[in-house]
Amino acid sequence: MHDQHDLELPRILIIGNGGSGKTWLSRKLARHTGLPVIHLDDLRWEPGNYGIARSNDVVVSKVEEAGKAEAWIIEGVYGWLASRVLERATTLIWIDLPEAECIANIRQRGIQGGGSQESFEELVTWVSEYRIRDNSSSHIGHLRLFEAFKGNKLQIKQRAGMTALLEKAENQTQLR
């Protein structure tokens, strides 16, 4: 059994609600570990057109291809895509923050990637429904992935958990 904040490199999968800090954490971990980051949003949406989805077949193919690499950090909300690389992951991190915190983070970062005000408000609503939806990108969907994963896993329920994880990662990389 591993300490709650150990990371098993080289393949880290990060899931969580929109606005939970997946992208922020993946970038910080990448600085400490040197692992390349793959954002599921970048694969899901047409380049420069956040909100215009690529074909599911194209996205699944891109995710599966990315997952074949020897080392990576893959992050995203899409459980149906995360499940395509789950077996290759060496560590699973589920950022499970309260919806109010996620919404505050989304409002602070604002509209992204050419999105409209309307699509931004739809995103806020979608994030607010994380625990009441029942699909692969919801709380229950992420819980199912988390429970199914047999490797090293962490569930982070507050920002302090991310800070502790980053401190541990920094210490681990200094020892190498």
Side-chain angles (χ1 to χ4, degrees), residues 4 12-29 37-64 66-67 73-87 89 91-151 153-166:
Q4 176 180 346
I12 301 169
L13 178 60
I14 303 173
I15 58 173
N17 196 5
S20 63
K22 298 175 304 296
T23 300
W24 179 86
L25 180 61
S26 67
R27 287 179 179 151
K28 296 280 188 183
L29 285 172
V37 177
I38 299 156
H39 307 284
L40 292 179
D41 271 339
D42 291 347
L43 303 179
R44 177 68 180 136
W45 305 107
E46 289 290 340
N49 286 305
Y50 187 80
I52 300 176
R54 289 181 173 163
S55 141
N56 287 350
D57 291 342
V58 168
V59 177
V60 165
S61 174
K62 288 182 175 295
V63 171
E64 289 176 347
I73 298 171
I74 295 179
E75 64 84 14
V77 68
Y78 311 106
W80 63 282
L81 294 175
S83 69
R84 299 297 186 144
V85 295
L86 191 64
E87 286 186 17
T91 296
L92 174 62
I93 301 171
W94 178 19
I95 306 174
D96 186 16
L97 300 182
E99 287 82 346
E101 205 170 325
C102 295
I103 291 167
N105 292 338
I106 288 172
R107 291 209 181 277
Q108 183 177 14
R109 75 180 185 211
I111 297 171
Q112 295 185 304
S116 66
Q117 184 64 42
E118 181 183 356
S119 65
F120 179 76
E121 292 305 325
E122 288 171 3
L123 173 63
V124 169
T125 299
W126 188 76
V127 166
S128 74
E129 297 169 345
Y130 182 62
R131 289 177 205 278
I132 60 174
R133 285 193 315 271
D134 184 2
N135 62 30
S136 69
S137 302
S138 67
H139 187 271
I140 192 71
H142 290 161
L143 176 62
R144 288 177 186 131
L145 283 175
F146 191 79
E147 289 177 342
F149 187 68
K150 300 302 180 211
K153 55 188 170 183
L154 311 152
Q155 183 179 14
I156 299 174
K157 292 186 166 241
Q158 47 188 272
R159 290 251 171 244
M162 286 196 269
T163 304
L165 177 64
L166 289 171

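The structure presented is a predicted model; accordingly, all values stated were derived computationally and were not measured. Sequential numbering from 1 along the given sequence is applied to the chain's residues.
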Once rounded to the nearest 0.5 Å, what's the spacing between atom [atom1] of [X] and atom [atom2] of [Y]?
| X | Y | atom1 | atom2 | answer |
| --- | --- | --- | --- | --- |
| L165 | I95 | CG | CD1 | 8.5 Å |
| L92 | Q155 | CG | CD | 10.0 Å |
| L166 | W24 | CG | CH2 | 5.0 Å |
| I38 | K62 | CD1 | NZ | 11.5 Å |
| D41 | E75 | CG | CD | 7.0 Å |
| L13 | I74 | CG | CD1 | 6.5 Å |

Taking the side chain as C-beta and beyond, is there a heavy-atom pair between [X] and [Y] under 4.5 Å?
| X | Y | result |
| --- | --- | --- |
| H142 | V77 | yes |
| V85 | E64 | no |
| I14 | T91 | no |
| E101 | Q158 | no |
| M162 | L97 | yes |

### Task
Please report the C-alpha distance between V60 and L81 in whole Å, then the side-chain angles of each, then the deciding distance to 0.1 Å, and finally whether the side chain to side chain contact (heavy atoms under 4.5 Å, CB included) criterion is met.
CA-CA 7 Å; V60 165; L81 294 175; 4.0 Å; yes
Could you tell me whether [X] and [Y] make a salt bridge, using a distance below 4.0 angstrom between a side-chain N and a carboxylate O?
| X | Y | value |
| --- | --- | --- |
| R54 | D42 | no |
| K150 | E87 | no |
| D96 | R131 | yes |

### Query
Judged by atom type as modelled, is there a donor-acceptor pair below 3.5 Å linking the side chain of N105 to the main-chain atoms of S20?
no
### Query
Hey, does the side chain of K28 reach the backbone of T163 with a donor-acceptor pair shorter than 3.5 angstrom?
no
Of the non-hydrogen atoms in [X] and [Y], which two are nearest, and what is the gap between them?
| X | Y | value |
| --- | --- | --- |
| I103 | S128 | CD1-CB, 3.6 Å |
| L40 | A82 | CD1-N, 4.2 Å |
| V127 | G18 | CG1-O, 3.5 Å |

### Message
Could you go through R144 and D134, starting from their C-alpha distance and side-chain angles, then the distance that decides it, and tell me whether this counts as salt bridge (Lys or Arg N to Asp or Glu O under 4.0 Å)?
### Response
CA-CA 11 Å; R144 288 177 186 131; D134 184 2; 3.1 Å; yes
### Message
Could you walk me through whether S119 and S116 satisfy the side-chain hydrogen bond (donor to acceptor under 3.5 Å, both in side chains) test, starting with their C-alpha distance in whole Å, then the side-chain angles of each, then the deciding distance to 0.1 Å, before giving a yes or no?
### Response
CA-CA 5 Å; S119 65; S116 66; 3.2 Å; yes
### Message
Could you go through I15 and Y78, starting from their C-alpha distance and side-chain angles, then the distance that decides it, and tell me whether this counts as side chain to side chain contact (heavy atoms under 4.5 Å, CB included)?
### Response
CA-CA 8 Å; I15 58 173; Y78 311 106; over 6 Å; no
### Task
Might you work through the ring pair (Phe, Tyr, Trp, His ring centres under 6.0 Å) test for H139 and W94, ending with a clear yes or no?
CA-CA 10 Å; H139 187 271; W94 178 19; 5.0 Å; yes
### Message
Checking K153 against E147 for the salt bridge (Lys or Arg N to Asp or Glu O under 4.0 Å) test, could you report, in this order, the C-alpha distance in whole Å, the side-chain angles of both residues, the deciding distance, and whether it holds?
### Response
CA-CA 9 Å; K153 55 188 170 183; E147 289 177 342; over 6 Å; no
#### Entry: S26-T23 side chain donor-acceptor pair, cut-off 3.5 Å
no
#### Entry: Set of side chain to side chain contact (heavy atoms under 4.5 Å, CB included) partners for N135, sequence neighbours left out
R133, S137, S138
